2 protein chains.
Amino acid sequence: MNFDPATLRYDAAGLIPCVAQDHATNEVLMMAWMNADAVARTLETGRVTYWSRSRQAFWVKGETSGHVQKLIDLRVDCDRDCLLALVEQTGPACHTNRRSCFFTALRDGDEVELSKPME
Amino acid sequence: MNFDPATLRYDAAGLIPCVAQDHATNEVLMMAWMNADAVARTLETGRVTYWSRSRQAFWVKGETSGHVQKLIDLRVDCDRDCLLALVEQTGPACHTNRRSCFFTALRDGDEVELSKPME
């Protein structure tokens, strides 16, 4: 393919942030990191695949939980140092069992919980 | 206020990524970085303020271009290491004069330009 993941800009650890967004509702679900191989795997398989910084291993989203992210469209920003993955999310994206990881709002000096874990 | 920006998780450079999303359309506009002071300024002023890594200075979005981001809601993710700012965006968010920085899609091995600069 003409697109080469090596042309993206990675940080000192060889990683690029990737924001996952629900393709149907546009809800922002989570942010995680990819290396060049994870970008290539995501495009090749259509399954969003991150690089786990804690485990130092590929993280095929939902591989164990079943909460997979099917890639609908992958986009890169103007500086080529951030990715946006439009996904079809099965179940919750967050490990707390919430749809989105961004369930805490900072309002008037307080932290407000916007959603509860899914049943 | 009860919320303390120091309780967020910053990288080795003292920065946390912040995704800006149009509060009305849910379009993801851009991603940039904040330090703890930028988080505090954003909450205090209601004007989204990043930390420019290239200039090593506060970056009050739109201060020179007029393309300001009025903060509607600031959210933090489950790991407290990523922010999501819902904003009212005046004009384009991208320095290329496009509404969003994520105007390039990676499709079938090609890079596809999704939008043109605004007039």
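The chains referred to below are lettered A, B, ... by the order of the sequence lines, with proteins before strands, and numbering in each begins at 1. Just so you know, these numbers come straight off a predicted model, no measurement behind them.
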Peer 1: Examine L71(B) and F58(B) and state if one hydrophobic cluster contains both, with Ile, Leu, Val, Met, Phe, Trp and Tyr joined whenever side-chain heavy atoms are less than 4.5 Å apart.
Peer 2: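 Each belongs to a different hydrophobic cluster.
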Peer 1: Can a donor-acceptor pair be found, under 3.5 Å and without considering hydrogens, that links the side chain of Q21(A) to the backbone of N26(B)?
Peer 2: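 Between the backbone of N26(B) and the side chain of Q21(A) there is a qualifying donor-acceptor contact (under 3.5 Å).
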Peer 1: Can you get from M30(A) to L84(B) by hopping between Ile, Leu, Val, Met, Phe, Trp and Tyr side chains that sit under 4.5 Å apart?
Peer 2: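 Different clusters.
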Peer 1: Please state whether the side chain, the backbone, both or neither of T104(B) comes within less than 4.5 Å of a heavy atom of chain A.
Peer 2: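 Contact with chain A involves both backbone and side-chain atoms of T104(B).
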Peer 1: Do the side chains of W33(A) and L8(A) join up, straight or via other hydrophobic residues, at under 4.5 Å, putting them in one cluster?
Peer 2: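 Different clusters: W33(A) never reaches L8(A) through Ile, Leu, Val, Met, Phe, Trp or Tyr contacts under 4.5 Å.
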Peer 1: Consider only side-chain heavy atoms of I, L, V, M, F, W and Y, link residues closer than 4.5 Å, and tell whether V39(B) and W51(B) are in one cluster.
Peer 2: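 Looking at the clustering, W51(B) is in a separate group from V39(B).
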Peer 1: Does F102(A) reach the side chain of C82(B), with side-chain heavy atoms less than 4.5 Å apart?
Peer 2: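 When only atoms from C-beta onward are counted, C82(B) and F102(A) do touch, with a gap below 4.5 Å.
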Peer 1: Contact part of C94(B) toward chain A, heavy-atom cut-off under 4.5 Å: side chain, backbone, both or neither?
Peer 2: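 The side chain, not the backbone.
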Peer 1: I'd like to know which of V112(A), D79(A), T25(A), D73(A) tops the heavy-atom pair count under 4.5 Å against chain B.
Peer 2: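 Most heavy-atom pairs under 4.5 Å with chain B: D73(A).
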Peer 1: Select one option (side chain, backbone, both, neither) describing which atoms of L114(B) are under 4.5 Å from chain A's heavy atoms.
Peer 2: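 When you check distances to chain A, only side chain atoms of L114(B) fall under 4.5 Å.
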Peer 1: Is R53(B) paired with D81(A) through a side-chain N to carboxylate O contact shorter than 4.0 Å?
Peer 2: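 Salt bridge present between D81(A) and R53(B).
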Peer 1: Is there side-chain contact between R107(B) and L74(A), with at least one heavy-atom pair below 4.5 Å?
Peer 2: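 No, every pair of side-chain atoms sits at 4.5 Å or beyond.
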Peer 1: From C101(B) SG over to R75(A) CZ, what is the distance, rounded to the nearest 0.5 angstrom?
Peer 2: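 Answer for the SG-CZ pair, C101(B) versus R75(A), is 13.5 Å.
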Peer 1: Among L86(B), L83(B), D77(B), single out the residue with the greatest number of heavy-atom pairs under 4.5 Å to chain A.
Peer 2: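 The option with the most such pairs is D77(B).
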Peer 1: So which part of S100(A) gets closer than 4.5 Å to some heavy atom of chain B, the side chain, the backbone, both or neither?
Peer 2: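 Neither; nothing under 4.5 Å.
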Peer 1: When clusters are formed by joining ILVMFWY residues with side-chain heavy atoms under 4.5 Å apart, either directly or through shared neighbours, do Y10(B) and W59(B) land in the same one?
Peer 2: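 Looking at the clustering, W59(B) is in the same group as Y10(B).
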Peer 1: V19(B) versus chain A, heavy atoms under 4.5 Å apart: side chain, backbone, both or neither?
Peer 2: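 Contact with chain A is through the side chain of V19(B) alone.
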Peer 1: Calculate, to the nearest 0.5 Å, the distance between atoms CG and CG belonging to L106(A) and D4(B) respectively.
Peer 2: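 Reported value, rounded in 0.5 Å steps: 11.0 Å.
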Peer 1: Thinking salt bridges, do E111(A) and R80(B) make one under a 4.0 Å N-O criterion?
Peer 2: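 Answer for the salt bridge query: yes.
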